[in-house]
Peer 1: 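Here it is: the structure, laid out below.
Residue numbers begin at 1 in each chain, while the letters A, B, ... track the order of the sequences.
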Amino acid sequence: MAKKTSLDGLDSAPRWIVMFLGAYVTVNLFVLYLWNAAGQVFSVQGTSDSPSALSLTGMAAVDLWLCLVVLRSFPAGAPLRSTWMLITLAAAARAASGVLTEFLGTNWLLNPLMWSAQPKSGLIEQIRHSALIAGGPIRLAILAAAMLAVLRILRKFGFWARPTVTDWAVSGIVCMFTLSRFGEACAASLAGRQISQEDWISLAGLPILCVLSLEAMLLRRSVARMGNGLITRGWVALECGILLTVAGEVALWVIPHYSQTLPLTMFCALMPVTIGSVFALVPAYQLVAQRRAMRLAGSPPEDSPEGVPELAR
Amino acid sequence: MHTRSAALIAFCDAETGAYRSRRIARHLSKCETCRDQLRRIESEKDELSSAGARAPAIGGPQGLAGVLSAIAAWQDGQSCAAASELKSRLQWQIETYFGSPAVRVVERPGIRAEELLGRTSEILDVFLGPNAAEAVRDDVLSGLAFAGPAGETC
């Protein structure tokens, strides 16, 4: 059977996402190379993060749209309906957070809250914090619930696998990281240093990340029992998205502690777009599987190329 | 010019007229080839008559049972082939949508084709959505003379 290489329609959504991510990462790495080649005469830390914010919000919107298309195919009462509902809510939280943070939560010219004679800085700050909560702890909690639902269904169909030492070790590392972050925050608080609201919001999401990391490892084991099919790829993308989120959180904390030379802004620009793209692959692969099934039903079977029943032929 | 086979058969069965019979008899007295042909026709006729006498009458109970068992045997063969084809199609679908290891999880040893169809339908229904799962089911069953539980014997 000839492999379809067309880039038309939703069937090629995963390819488009991967191509976009590839181009984005390539451009960023090229900039980093130029920066190194130029002898680091200008600061990449100081560059604007608008392109990454736009890419991130755009990818979140694509993710939400794809999730809504998938959700429509699961009617009320379908076992995976609740899982897809939660994944869609998580995508909506991410998209809303992106729009609110970048459009209403930033002091820029196109923000309508800045147009009045007295800019409402307090309101802008509140919107930004609400957006961070929606895109942080709330989204992670929704994802944890979605993961729990899908793990239950996988268990029901015999795809359950017990966590191994590696799974516990990964979760243990994430727990240790969480404890370190909380310890650092407590120490700073006791020393009388102010902890920003952004930091508190980030800390609130860490316990959920511990749960998510364990769930992601369990999903990885369960999916390994399935294989590499069209449906499986979506769940692999979900597991990768969560593990990348965890890795990103750890890296964002570790890099400034141990290295001052790595351009953190570049990493901050690359990581969220990569994570956003991987999450968008979840509904994209699901759609590929569904559309393939529907396309097969619409076309004549392979053993009767002209659609003439075998008996009649 | 030799006499045609159809005319010889009719001559054998005494179905030719008096004039034509005389002509054929005259030709047979002179032609060795046609005599051989007539002998062959007569021997085949005898074989058919004896076989007919040995075979039970189709109208009788034994004849009907024979015909029915022959039909059942033919249907069993068809059903076996259909069940085997159905299983291989279902395995291919599971492999496509989930992966090769999933086939071992879904297909237990000695599972019947209709059970495998049920399990595959259920799992596809859950993970793919009812419409897409139905489309896969239709695709699997298309052009397949699968009689289902009653017809399946292998």
Side-chain angles (χ1 to χ4, degrees), chain A residues 1 69-81 83-84 149-150 152-154 156-161 222-236 285-305 307-313, chain B residues 74-75 77-79 81-111 115-147 151:
Chain A
M1 189 188 288
V69 176
V70 172
L71 184 66
R72 268 197 345 216
S73 64
F74 288 92
L80 267 187
R81 167 89 179 174
T83 305
W84 277 107
V150 78
R152 271 187 191 159
I153 288 170
L154 285 169
K156 187 187 162 194
F157 284 99
F159 295 112
W160 173 258
S222 302
V223 163
R225 288 204 71 193
M226 278 185 167
N228 185 29
L230 292 172
I231 295 173
T232 320
R233 283 176 206 169
W235 300 115
V236 170
Y285 276 126
Q286 178 71 23
L287 273 175
V288 169
Q290 287 179 333
R291 290 176 75 86
R292 185 188 182 280
M294 302 301 276
R295 196 174 58 240
L296 278 180
S299 63
E302 278 177 13
D303 59 345
S304 60
V308 181
E310 203 173 20
L311 199 64
R313 279 189 285 124
Chain B
W74 179 78
Q75 276 182 339
Q78 289 287 99
S79 200
S84 162
E85 171 69 14
L86 177 64
K87 271 189 174 182
S88 82
R89 285 188 189 188
L90 288 168
Q91 285 164 355
W92 188 76
Q93 295 291 353
I94 297 167
E95 216 171 296
T96 304
Y97 289 102
F98 296 97
S100 313
V103 178
R104 287 195 295 275
V105 175
V106 177
E107 190 185 18
R108 288 188 299 258
I111 193 170
E115 273 182 84
L116 184 62
L117 176 65
R119 268 179 74 80
T120 310
S121 297
E122 192 187 5
I123 196 169
L124 284 172
D125 210 51
V126 168
F127 286 96
L128 213 52
N131 290 339
E134 200 178 325
V136 174
R137 207 160 34 237
D138 288 349
D139 181 50
V140 164
L141 293 172
S142 68
L144 203 66
F146 183 66

Peer 1: To the nearest 0.5 Å, tell me how far A/Leu230 CG sits from B/Phe98 CZ.
Peer 2: 10.0 Å
Peer 1: I need the residue from B/Ser100, B/Pro130, B/Ala133 with the largest number of non-hydrogen atom pairs under 4.5 Å to chain A.
Peer 2: B/Pro130
Peer 1: Which atoms of A/Trp235 come close to chain B, meaning under 4.5 Å heavy atom to heavy atom: side chain ones, backbone ones, both, or neither?
Peer 2: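 When you check distances to chain B, only side chain atoms of A/Trp235 fall under 4.5 Å.
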Peer 1: What are the two closest heavy atoms between A/Pro79 and B/Val126, and how far apart are they?
Peer 2: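 Reported closest heavy-atom pair: CG-CG2, 3.7 Å.
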Peer 1: Hey, could you give me the NZ/CD1 distance between A/Lys156 and B/Ile123, rounded to the nearest 0.5 Å?
Peer 2: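 Reported to 0.5 Å precision, the distance equals 10.0 Å.
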Peer 1: Between B/Val105, B/Asn131, B/Asp125, B/Leu128, which residue shows the highest count of heavy-atom pairs closer than 4.5 Å to chain A?
Peer 2: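 That would be B/Leu128.
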Peer 1: Kindly give the heavy-atom pair with the smallest separation between A/Met294 and B/Ala132, and that separation in Å.
Peer 2: SD-CA, 3.5 Å
Peer 1: Calculate, to the nearest 0.5 Å, the distance between atoms CZ and CZ belonging to A/Phe159 and B/Phe127 respectively.
Peer 2: 6.5 Å
